[in-house]
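Because the structure is a prediction, the values reported are computed rather than measured. The first residue of the sequence shown is numbered 1, and numbering continues consecutively from there.
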Amino acid sequence: MRVKPANPHLVLLSALLLPGSGQVWNHEPLRGLIFLFFLLLLGGFTLLTAGPDVSFVGRFAGGFFVWAMAVFDAYKRARIRFELWRHAQTGAQPPQGQL
């Protein structure tokens, strides 16, 4: 990994503002489209099945859930890429799993 990956905090901010954009910054646009598809699908499903007395958050709960998972996924993968790049720059070996 020779090119410095995106700053994980910028990826996090991007993912918070626009769903799927964090995955695009991580060079995984198909993954971002999949998250966006399921966000719209589950958000629309909960909108159609929620009763009239349900709050705004309740009406789109499925979409909010997928959005939260997309934010977590984008930050986690950006952080892993950044740490692997940082270890490669210092010449240190990445930590191995404990047996």
Query - All side chain to side chain donor-acceptor pair (under 3.5 Å) counterparts of Arg86, not counting sequence neighbours - result: Glu83

Report task. Answer yes if Val66 and Leu41 sit in the same cluster of Ile, Leu, Val, Met, Phe, Trp and Tyr residues linked by side chain heavy atoms under 4.5 Å apart, and no otherwise. Result -> yes

Query - Residue pair Trp25 / Leu10: nearest heavy atoms and the distance that separates them - result: CZ3-CB, 3.5 Å

Report summary line: The reported gap from CZ in Phe82 to CG in Asn7 (rounded to nearest 0.5 angstrom) is 6.0 Å

Query raised in the report: Given side chains that start at C-beta, do those of Phe38 and Met69 come closer than 4.5 Å, heavy atoms only?
Result: no

Query raised in the report: Would Tyr75 end up clustered with Val11 when hydrophobic side chains under 4.5 Å apart are linked, directly or stepwise?
Result: no

Query raised in the report: If you round to the nearest 0.5 Å, how far is CG of Asn26 from CZ of Arg79?
Result: 13.0 Å

Requested in this report: Check Ala15 against Ala74 and note the closest heavy-atom contact, atom names and distance.
Outcome: CB-CB, 4.0 Å

Requested in this report: Could I get the full list of side chain to side chain donor-acceptor pair (under 3.5 Å) partners for Arg31, not counting sequence neighbours?
Outcome: Asp73

Query raised in the report: Do Leu40 and Ile34 share a hydrophobic cluster, counting only Ile, Leu, Val, Met, Phe, Trp and Tyr and linking them when any side-chain heavy atoms are less than 4.5 Å apart?
Result: yes

Query raised in the report: If you round to the nearest 0.5 Å, how far is CD of Gln23 from CZ of Phe35?
Result: 5.5 Å

Query raised in the report: Is there any side-chain hydrogen bond (donor to acceptor under 3.5 Å, both in side chains) pair reaching into residues 45-67, and which pairs are they, with sequence neighbours excluded?
Result: none

Report summary line: So CG of Leu12 and CG of Leu17: to nearest 0.5 Å the spacing works out to 9.5 Å

Query - Nearest non-hydrogen partners of Ser14 and Ser21, listed with the distance - result: OG-OG, 2.6 Å

Report summary line: CG of Leu36 to CG of Leu18, rounded to nearest 0.5 Å, is 8.0 Å

Query - Within 6.0 Å of CZ in Phe65, more than 12 heavy atoms from elsewhere - result: no

Requested in this report: Give the cluster check for Leu48 versus Val57: same hydrophobic cluster or not, with ILVMFWY residues linked at side-chain heavy-atom distances below 4.5 Å.
Outcome: no

**Report entry** Point-to-point distance, once rounded to the nearest 0.5 Å, from CZ of Phe64 to CG of Leu42
**Finding:** 13.0 Å

Query raised in the report: Can Phe60 be reached from Leu39 by stepping across I, L, V, M, F, W or Y side chains whose heavy atoms are under 4.5 Å apart?
Result: yes

